[in-house]
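Have a look at the structure below, then the notes.
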Protein chains: 2
Amino acid sequence: MFSKSCEYGLRAVIFIAQQSIEKNKVNISTISEEINSPQAFTAKILQQLTRNNIVKSVKGPHGGFTVEEHKMDIRLSEVVSVLDGDSIYKGCGLGLKQCDANSPCPLHYKFIEIRDNLKNMLENTSLKSVINDMYLEEIILKR
Amino acid sequence: MFSKSCEYGLRAVIFIAQQSIEKNKVNISTISEEINSPQAFTAKILQQLTRNNIVKSVKGPHGGFTVEEHKMDIRLSEVVSVLDGDSIYKGCGLGLKQCDANSPCPLHYKFIEIRDNLKNMLENTSLKSVINDMYLEEIILKR
DNA sequence: CATAAAAAGGATAATAAGGTCTTTTAATCT
DNA sequence: AGATTAAAAGACCTTATTATCCTTTTTATG
């Protein structure tokens, strides 16, 4: 469904956000340990998320990554579109370049439903709400 | 959503099935032309579908590919699982190896809904029904 | 100001996905 | 039987994704 980059990215953002709520900055080595991802690769992904103002990074001693308070209600869709673009929402299920109501592929209307579903879920799910859910149940980001 | 192999495979099967209803065998060069896919690669994919008894192949002059009548009600899910396996249905949205009701990822329940949706669509859509739909509206497999 | 901690950036390596080409096998038609 | 046509099979190549390594830059602190 998502690329590895996007999977790691989502996990990382969720972890960082959770820690930010507890007032902790976290560095890459902690992050990659806690979400079980390759460290250098994760660093690359966080660079992208930093450039796109989804996470904030601070260099130097006691530096690390945070999600600022006013960013807590960004949607998962924003993370996904930074890392994977919008092909999941827009692309044709059968891979046709041109596929819309005017010249639909045989599965066009069936796919629209599923993609809209995914789109709505990602657009309606804020970082904050994910973190809240995590406090309700024992929820893990490793393994 | 699907791999290229799976996209080409689905398009190919749909095209072959449609032609089979009109009593035509079709060869790879026609198929790849009509569904706009790389010929040699499409041949590879059709080999897999042949080995898995989804399409039937006949070698030699006037040979080609067909979908036999009793195969017309196989589901799209069967094609997808031959070409892409079942990770779309089973895999965790965040890429965790272990993720289920016992140790769910933060998005587990949200993803279940979407994957079930996709699963149901593919399991309830037969080749025959796709072809029928294609006769109702002007539907294309190219571009 | 020197040092250490941390992210940023560039270069490269490994693996997987996507795609091509050539040879082999099988069916059909003179 | 021999020529021809078409798929099957396997070897090979290319590109994109995933992943690592190493150097540079930034910055907090003793």
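Letters A, B, ... are given to chains in the order of the sequence lines, protein chains preceding strands, and every chain is numbered from 1.
Within the 4.0 angstrom heavy-atom criterion, only backbone atoms of the sugar-phosphate kind lie near A/S3; the bases stay farther away. Within 4.0 Å of A/I28, counting heavy atoms only, lie sugar-phosphate atoms of the nucleic acid but no base atom. In this structure, A/G63 reaches the sugar-phosphate backbone alone: every heavy-atom distance under 4.0 Å involves primed, P, OP1 or OP2 atoms, never a base. Backbone-only contact: A/T50 has heavy atoms under 4.0 Å from sugar-phosphate atoms and none from a base.
Here A/H62 reaches the OP1 or OP2 of D/dT29: one of its side-chain N or O atoms lies under 4.0 Å away. Taking only side-chain nitrogens and oxygens, B/R51 never comes nearer than 4.0 Å to OP1 or OP2 of D/dA7. The phosphate of C/dA8 (OP1 or OP2) has a side-chain N or O of A/S57 nearer than 4.0 angstrom. Note on A/S5: a side-chain N or O is less than 4.0 Å away from OP1 or OP2 of D/dT18.
Atom CD of A/E137 has more than 12 neighbouring heavy atoms from other residues, nucleotides or ligands inside a 6.0 Å radius.
Between the side chain of B/S126 and the backbone N or O of B/D73 there is no donor-acceptor pair closer than 3.5 Å.
For the residue pair A/R75 and A/L122, the shortest heavy atom distance occurs at CB-O, 3.5 Å. Shown here for A/L96 and A/C92, the closest heavy-atom pair between the two residues is O-CB, 3.3 Å.
Between the CD atom of B/Q39 and the C1' atom of D/dA6 there is a distance of 11 Å, given to the nearest Å. Straight-line distance from the CZ atom of A/F41 to the P atom of D/dT18: 6 Å, rounded to whole Å. Rounded to an integer number of Å, the gap from A/K44 NZ to C/dA8 P is 11 Å. A/L83 has its CG atom 13 Å from the P atom of D/dT17, to the nearest Å. When rounded to the nearest whole Å, the span between NZ of B/K59 and C1' of C/dA27 equals 9 Å. For A/Y8 and D/dT20, the OH to P distance is 8 Å, given to the nearest whole Å. A/L46 places its CG atom 16 Å from the C1' atom of D/dT18, with the value rounded to the nearest Å. If you measure from atom CD of A/E33 to atom P of C/dA6, you get 13 Å, rounded to the nearest angstrom.
In the set D/dT20, C/dA7, D/dA7, D/dT20 carries the atom at the smallest distance from any side-chain atom of A/P38.
Summary of the strand contacts: A/G60 and A/F2 both lie near DNA chain D, and taking for each the nucleotide with the nearest heavy atom, the more 5' one is attributed to A/F2.
Residue-to-nucleotide contacts include no donor-acceptor pair under 3.5 Å from the side chain of B/Q47 to the base of D/dA7.
Salt-bridge check for B/E7 with B/K4: passed, with a basic side-chain N closer than 4.0 Å to an acidic carboxylate O.
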